[in-house]
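Side-chain atoms are counted along with the backbone in the values below, which use heavy atoms only and exclude waters and symmetry mates.
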Amino acid sequence: MKRLRAFDYHEPVSVGEATRILAAARDGARVLAGGTDLIVDMKTGRLRPSVVVNLKRIPGLTGIETVAGGTRIGALTKVTAIEASRLIQDRHPGLAQAASILASPPVRALATIGGNIGRASPASDLGPALIVHQAIATIEGRDGTRDELVEDLYVGPGATSLSSCDIITSLFLPNPPQGFGSAHVKLGKRGSGTDIALAGASASVVIGGRGEIVDCRVALASLAPTPLRATAAEAMLRSEMPTEALLAKAARSAGEEARPISDLRASASYRRTLAEVLTLRALHGAVRSAGVEVAA
Ligand SMILES: Cc1cc2nc3c(=O)[nH]c(=O)nc-3n(C[C@H](O)[C@H](O)[C@H](O)COP(=O)(O)OP(=O)(O)OC[C@H]3O[C@@H](n4cnc5c(N)ncnc54)[C@H](O)[C@@H]3O)c2cc1C
């Protein structure tokens, strides 16, 4: 690993001050949250910022709270806090599961939810989970505040649509409707479930009064350059009863929709098989968490 290059370091005390520093530094700046990705990226030379803006002294960027219409999570909230939150476990169980299997406890104690989106790793656990919960990011930038679907922020491996002046300040997860359930699963290289995903899947369902799937979302990890919605699988599930055969058919479709690569950790064909297996598990988990049994 190489040594860090010299950079200017700032600890602003407001979002406005942070965005002004970022704007003055143009493209040479990076915000620092937990540092579990940024410091590694700087040491390997993948990123060479001339200015680093640490967000830790800015009040109001941490915490999980109920707000009108949903749940607000501050962007600097640690993954451990999300994993441990009863509110998240009860309302957005797939996100709590994703947080509980992200890396090891020491990494989770430093890593933040905003940093997970900012890094835009294709193997992100929180990205797919946020997508199936229809999460919205509030972003503070040079031109003020805006809201964007988390799903729309991912543009490529390690790349987001955020400008170098943009700071994610919070995430909003809408209140789940009656009959909602969600789940997140992954497989890592060592099979421990907590190392970086060879492949992963998040699913959410809304079960209607007759037991039918009214709505659903499936998002895959490590199976495309960005977290990937399996929209054909979702379309197969909508308005149908959750049977073993239907879930298996949708999981096969997700396997076909995946766009995996071969790398040191796994071949593309193995990853495609994992896409099917993990989607099936995530769908089972989501239906179960909605309080419904999958019919034989
Ligand atoms: C050993 C190890 C194992 C890991 N395993 C996993 C895993 O299993 N699953 C997984 O998903 N991740 C894993 N990671 C990656 C990492 O821990 C997460 O992506 C983490 O959530 C990043 O958060 P952070 O606060 O540390 O971000 P930082 O490292 O501080 O920042 C990451 C990037 O996001 C930007 N950024 C940070 N905060 C914001 C913000 N509020 N607004 C805009 N941009 C921002 C930074 O500029 C930087 O480019 C692992 C990392 C390590 C070191």
Side-chain angles (χ1 to χ4, degrees), residues 69-71 86-101 125-136 149-152 173-187 193 197 199-224 226-260 270-296:
T71 307
R86 285 306 300 264
L87 198 154
I88 300 292
Q89 290 166 11
D90 292 346
R91 282 194 205 158
H92 317 287
L95 180 61
Q97 285 166 15
S100 73
I101 55 174
D125 283 302
L126 302 189
L130 286 167
I131 288 170
V132 302
H133 289 88
Q134 301 183 64
I136 295 166
L149 273 176
V150 168
E151 183 174 352
D152 294 340
L173 278 67
N175 278 334
Q178 184 86 21
F180 179 86
S182 63
H184 176 83
V185 293
K186 75 170 174 185
L187 187 77
S202 281
S204 67
V205 295
V206 180
I207 304 291
R210 293 183 296 105
E212 81 284 17
I213 300 173
V214 176
D215 197 8
C216 65
R217 279 183 171 64
V218 176
L220 306 175
S222 259
L223 287 161
T226 62
L228 178 75
R229 280 275 296 279
T231 50
E234 293 173 2
M236 280 174 192
L237 292 162
R238 284 197 188 101
S239 307
E240 302 289 338
M241 300 303 283
T243 62
E244 290 286 354
L246 178 71
L247 266 51
K249 187 173 151 201
R252 275 196 299 281
S253 169
E256 285 158 17
E257 290 177 77
R259 290 184 279 128
Y270 180 53
R271 281 199 164 101
R272 197 176 288 285
T273 304
L274 286 181
E276 182 178 334
V277 171
L278 295 175
T279 299
L280 186 58
R281 287 184 196 166
L283 285 170
H284 267 276
V287 171
R288 226 180 8 254
S289 105
V292 171
E293 288 297 319
V294 176

- Met241 and Leu246: side-chain contact (heavy atoms from CB on, under 4.5 Å), yes or no, with the steps? CA-CA 8 Å; Met241 300 303 283; Leu246 178 71; over 6 Å; no

- With side-chain contact (heavy atoms from CB on, under 4.5 Å) as the test, would you mind laying out the steps for Asp215 and Val205 before giving the verdict? CA-CA 6 Å; Asp215 197 8; Val205 295; over 6 Å; no

- Message: How close do Asp125 and Pro128 get, counting heavy atoms only, and between which atoms?
- Response: O-CD, 3.5 Å

- Could you give the distance from CG (Leu247) to CZ (Arg252), rounded to the nearest 0.5 Å? 11.0 Å

- Task: Give a yes or no answer on whether the side chain of Glu244 reaches the backbone of Ala295 with a donor-acceptor pair at less than 3.5 Å.
- Result: no

- Message: Using a strict threshold of under 4.0 Å (side-chain N to carboxylate O), is an ion pair present between Arg238 and Glu234?
- Response: yes

- Could you tell me which non-hydrogen atom of Thr279 sits nearest to which non-hydrogen atom of Leu220, and how far apart they are? OG1-CD2, 3.4 Å

- Looking only at non-hydrogen atoms, find the nearest pair between Ala275 and Leu223 and report the distance. CB-CD1, 3.5 Å

- Message: For Ala203, is there any backbone N or O sitting under 3.5 Å from a side-chain donor or acceptor partner on Arg217?
- Response: no

- Look only at the side chain of Arg281 and the backbone of Val185, and say whether a donor-acceptor pair between them is shorter than 3.5 Å. no

- Which residues satisfy the side-chain hydrogen bond (donor to acceptor under 3.5 Å, both in side chains) test with Arg259, sequence neighbours excluded? none

- Item | Point-to-point distance, once rounded to the nearest 0.5 Å, from CG of Leu187 to CZ of Arg271 | 10.5 Å

- Are more than 12 heavy atoms from other residues, nucleotides or ligands located less than 6.0 Å from atom CZ of Arg91? yes

- Query: If you round to the nearest 0.5 Å, how far is CG of Leu283 from SG of Cys216?
  - Reply: 7.5 Å

- Message: Please check this pair: side chain of Lys186 against backbone of Ile101, looking for a donor-acceptor N/O pair closer than 3.5 Å.
- Response: yes

- Task: Tell me, please, which residues at least two apart from His133 pass ring-ring contact (aromatic ring centres under 6.0 Å, His included).
- Result: His92, Phe180

- Message: Does any part of the side chain of Ile207, heavy atoms only, come nearer than 4.5 Å to the side chain of Glu212, both counted from C-beta?
- Response: no

- Query: Does Ser182 use its side chain to pair, donor to acceptor, with the backbone of Ser204 at less than 3.5 Å?
  - Reply: no

- Query: Can you name the nearest heavy-atom pair linking Pro242 to Ile213, along with the distance?
  - Reply: CB-CD1, 3.9 Å

- Query: Is Glu276 reaching over with its side chain to a backbone N or O of Leu274, donor-acceptor style, under 3.5 angstrom?
  - Reply: no

- Message: Quick check for you: to the nearest 0.5 Å, what is the distance between Glu151 atom CD and Ile136 atom CD1?
- Response: 11.5 Å

- Message: Measuring from atom OG of Ser239 to atom CZ of Arg210, what distance do you get when rounded to the nearest 0.5 angstrom?
- Response: 8.5 Å

- Message: Within this structure, what is the CD1-CG distance for the pair Ile131 and Leu95, rounded to the nearest 0.5 Å?
- Response: 12.0 Å

- Task: Please report the closest heavy-atom contact between Pro174 and Gln134, naming both atoms and the distance.
- Result: CD-O, 3.5 Å

- Note on the structure: All heavy atoms of Ala233 vs all of Ala250, minimum pair found to be CB-O, 3.3 Å

